[in-house]
Amino acid sequence: MHIESAKDLTVYKLAYALAMEIFEITKRFPSEETYALTSQIRRSSRSICLNLREAWAKRRYEAHFLSKLTDCDGEANETDSSLDFARDCGYISIDQHWCLTAKCNEVGRMLGGMIKKPEAFVIAA
């Protein structure tokens with residue numbers, strides 16, 4: 001399979017689907033969370049994809065590529081923590097939490113693979 005953009009990467013597709021699922025679920029969060037947990041979890045989940053697009057654009061420079069991938073991984077971990085808060089506050093069920101955190105973990109695993117082998121993605125100058 002030829003990859004023309006970050007959108008073609010499986011990790012991007014999974015992260016995007018996760019962000020959209022979180023968006024739908026957070027529509028039901030209480031209004032007092034609008035500028036707190038709702039905003040935070042939406043932002044961090046979307047940032048995984050946005051930073052992945054930046055990483056892809058900077059893959060000519062391995063250090064920049066790795067830096068942006070590390071940012072992606074950080075955002076995935078932040079999303080995972082926010083899901084814990086959502087569960088513990090009673091905004092999502094245990095089953096929803098398990099499903100969403102499993103997706104976060106899979107995104108993190110894929111990002112970890114990219115971080116360990118950046119040469120598979122970096123463009124030779």
Side-chain angles (χ1 to χ4, degrees):
M1 177 172 118
H2 181 68
I3 297 172
E4 293 188 25
S5 82
K7 289 182 177 185
D8 296 328
L9 298 169
T10 302
V11 66
Y12 179 89
K13 293 173 186 177
L14 182 59
Y16 189 89
L18 173 65
M20 292 306 297
E21 192 170 348
I22 286 172
F23 174 74
E24 289 302 322
I25 286 172
T26 57
K27 287 180 180 180
R28 296 185 293 277
F29 281 17
S31 60
E32 64 264 18
E33 290 287 4
T34 299
Y35 301 107
L37 185 59
T38 302
S39 175
Q40 187 67 24
I41 195 170
R42 285 178 178 178
R43 185 203 55 75
S44 65
S45 64
R46 290 171 178 167
S47 287
I48 301 166
C49 294
L50 299 173
N51 282 309
L52 192 53
R53 294 291 303 269
E54 282 190 60
W56 192 256
K58 294 181 177 185
R59 69 190 192 284
R60 284 184 176 84
Y61 310 100
E62 187 173 320
H64 287 118
F65 180 68
L66 286 171
S67 175
K68 295 313 291 183
L69 288 179
T70 301
D71 290 346
C72 291
D73 193 45
E75 296 293 346
N77 281 288
E78 186 175 323
T79 300
D80 186 86
S81 293
S82 293
L83 289 166
D84 292 346
F85 282 110
R87 176 202 57 213
D88 293 346
C89 291
Y91 305 150
I92 61 174
S93 70
I94 291 170
D95 288 342
Q96 286 173 312
H97 177 267
W98 185 88
C99 181
L100 293 169
T101 56
K103 290 175 184 178
C104 267
N105 290 333
E106 181 64 9
V107 167
R109 186 190 65 73
M110 289 179 181
L111 290 169
M114 292 176 77
I115 290 167
K116 286 179 185 171
K117 295 197 175 219
E119 64 277 1
F121 302 94
V122 173
I123 297 172

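Hydrogens, waters and symmetry mates play no part in the numbers below; they use all other heavy atoms, side chains included.
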Checking [X] side chain against [Y] main chain: does a donor-acceptor pair fall under 3.5 Å?
X: D80; Y: A76; answer: no
X: E33; Y: P30; answer: no
X: T79; Y: S45; answer: yes
X: D73; Y: L69; answer: no

Nearest 0.5 Å please: distance from the [atom1] atom of [X] over to the [atom2] atom of [Y].
X: K27; Y: R42; atom1: NZ; atom2: CZ; answer: 7.5 Å
X: F121; Y: L66; atom1: CZ; atom2: CG; answer: 11.0 Å
X: S44; Y: L50; atom1: OG; atom2: CG; answer: 11.0 Å
X: E78; Y: C104; atom1: CD; atom2: SG; answer: 10.5 Å

So do [Y] and [X] actually touch side chain to side chain, heavy atoms under 4.5 Å?
X: S67; Y: T70; value: no
X: D71; Y: I48; value: no
X: E54; Y: N51; value: yes
X: M114; Y: L9; value: yes

Problem - NZ/NE/NH1/NH2 to OD/OE distance under 4.0 Å, R46 and E75 - result: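 Between E75 and R46 there is no salt bridge, as every charged N stays at least 4.0 Å from the carboxylate O atoms.
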Practice task
State plainly whether the residues E106 and K103 are in salt-bridge range, i.e. N to O under 4.0 Å.
Solution key: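 Result for this pair is no, no salt bridge flagged.
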Can you name the nearest heavy-atom pair linking [X] to [Y], along with the distance?
X: T34; Y: S31; value: OG1-O, 2.8 Å
X: K7; Y: K13; value: O-CE, 3.4 Å
X: Y12; Y: C49; value: CE1-CB, 3.6 Å
X: Q40; Y: R43; value: NE2-NH2, 2.8 Å

Practice task
Considering only Ile, Leu, Val, Met, Phe, Trp and Tyr, and joining two whenever side-chain heavy atoms are under 4.5 Å apart, list the other residues clustered with L18.
Solution key: I22, I25, F29, L37, I41, L83, F85, Y91, I92, L100
Handout entry: Cation over ring face, R53 and W56, 6.0 Å, 45°
Key =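 Output no; distance or angle outside limits.
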